[in-house]
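One structure below.
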Amino acid sequence: MRILFVADIFGQTGKRMASIYIPTIVEKNNIDLVIANGENIAGGFGLTDNLVRKLHNYGVDVVTTGNHVWERKEFVTQIHNHENVLRPFNYPTTTPGKGSTIVESRRRALVGGFNMQVRTTVAPNEWPFRRGRRAI
């Protein structure tokens with residue numbers, strides 16, 4: 001199985017590059033599944049419904065996120081609408097969204113995945129709406 005993982009797609013430039021290169025790489029290399037981190041695609045911080053749709057149109061099957069996904073207040077209430085957008089799995093279970101999924105690859109294989117946030121360079125994984133984060 002060929003999996004393409006695209007690290008942090010950041011802002012307008014990242015979105016433009018993703019729109020060009022993801023479809024090209026998928027086709028040229030016969031990629032089965034694309035996973036991309038999209039938590040900073042919305043102007044450098046956050047994610048929106050529209051941007052999730054764009055990422056899927058580019059060929060992204062699973063969108064991973066991290067602590068910046070909560071920067072767009074409107075998306076906090078919409079994340080549950082996106083089956084393949086993953087917030088960190090190691091956040092409290094009461095956090096909106098989900099941290100794992102099972103998807104079907106382009107060759108019809110089922111692939112399970114989960115998204116974890118490390119604790120090395122970011123605050124400990126706690127309820128994300130605390131300590132200076134925007135209120136919902």
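No hydrogens, no waters, no symmetry mates; every other heavy atom, side chains included, goes into these values. We number each residue from 1, following the sequence as shown.
The side-chain hydrogen bond (donor to acceptor under 3.5 Å, both in side chains) analysis of residues 102-116, with sequence neighbours excluded, yields the pairs Asp32-Arg107, Asp61-Arg106. Applying the salt bridge (Lys or Arg N to Asp or Glu O under 4.0 Å) definition to pairs two or more places apart or across chains, none involves residues 36-50.
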| Test log, rule side-chain contact (heavy atoms from CB on, under 4.5 Å), inputs Asn29 and Arg2 | CA-CA 8 Å; Asn29 296 285; Arg2 292 174 171 245; 4.2 Å; yes
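Not counting sequence neighbours, the partners of Asn84 by the side-chain hydrogen bond (donor to acceptor under 3.5 Å, both in side chains) test are Thr101. Glu74 meets the side chain to side chain contact (heavy atoms under 4.5 Å, CB included) test with Thr48, Arg72, Gln78; sequence neighbours excluded. Judged as a side-chain hydrogen bond (donor to acceptor under 3.5 Å, both in side chains), and not counting sequence neighbours, the contacts of Asp8 are Asn40. Among residues two or more places apart in sequence or in another chain, the salt bridge (Lys or Arg N to Asp or Glu O under 4.0 Å) test is passed with Lys98 by Glu83. For Thr65, the side-chain hydrogen bond (donor to acceptor under 3.5 Å, both in side chains) test picks out no residue, with sequence neighbours left out.
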Can you give me every donor-acceptor pair (side chain of residues 18-26, partner residue at least two apart or in another chain, under 3.5 Å) with its distance?
from  : atom 1 : to    : atom 2 : distance (Å)
Ser19 : OG     : Arg16 : O      : 2.7
Thr24 : OG1    : Ile20 : O      : 2.8

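Lys15 NZ to Met17 CE: the interatomic distance, rounded to the nearest 0.5 Å, is 12.0 Å. Between atom CG of residue Leu55 and atom CG of residue Asn50 there is a gap of 10.0 Å, rounded to the nearest 0.5 Å. Atoms OG1 and CD1, from Thr64 and Ile9 in turn, are 8.5 Å apart once rounded to the nearest 0.5 Å.
Taking Ile, Leu, Val, Met, Phe, Trp and Tyr as hydrophobic and joining them when side-chain heavy atoms fall under 4.5 Å apart, one finds Ile3 in a cluster with Met1, Phe5, Leu33, Ile35, Val62, Leu86, Val103, Val111. Side-chain contacts under 4.5 Å among hydrophobic residues (ILVMFWY), followed directly or transitively, place Met116 together with Phe89, Phe114.
The main-chain N or O of Tyr91 is never found under 3.5 Å from a side-chain atom of Gln117 such that the two would form a donor-acceptor pair.
The closest side-chain heavy-atom distance from Val52 to Phe75 is below 4.5 Å. At least one side-chain heavy atom of Arg87 sits less than 4.5 Å from a side-chain heavy atom of Thr95.
Linking Ile, Leu, Val, Met, Phe, Trp and Tyr residues whenever their side-chain heavy atoms come within less than 4.5 Å leaves Phe45 and Leu47 in two separate clusters.
Nearest heavy-atom pair, Pro88 versus Gly66, reported as atom, atom and distance to 0.1 Å: CG-CA, 3.8 Å.
For Phe10 and His68, the gap between ring centers reaches or exceeds 6.0 Å.
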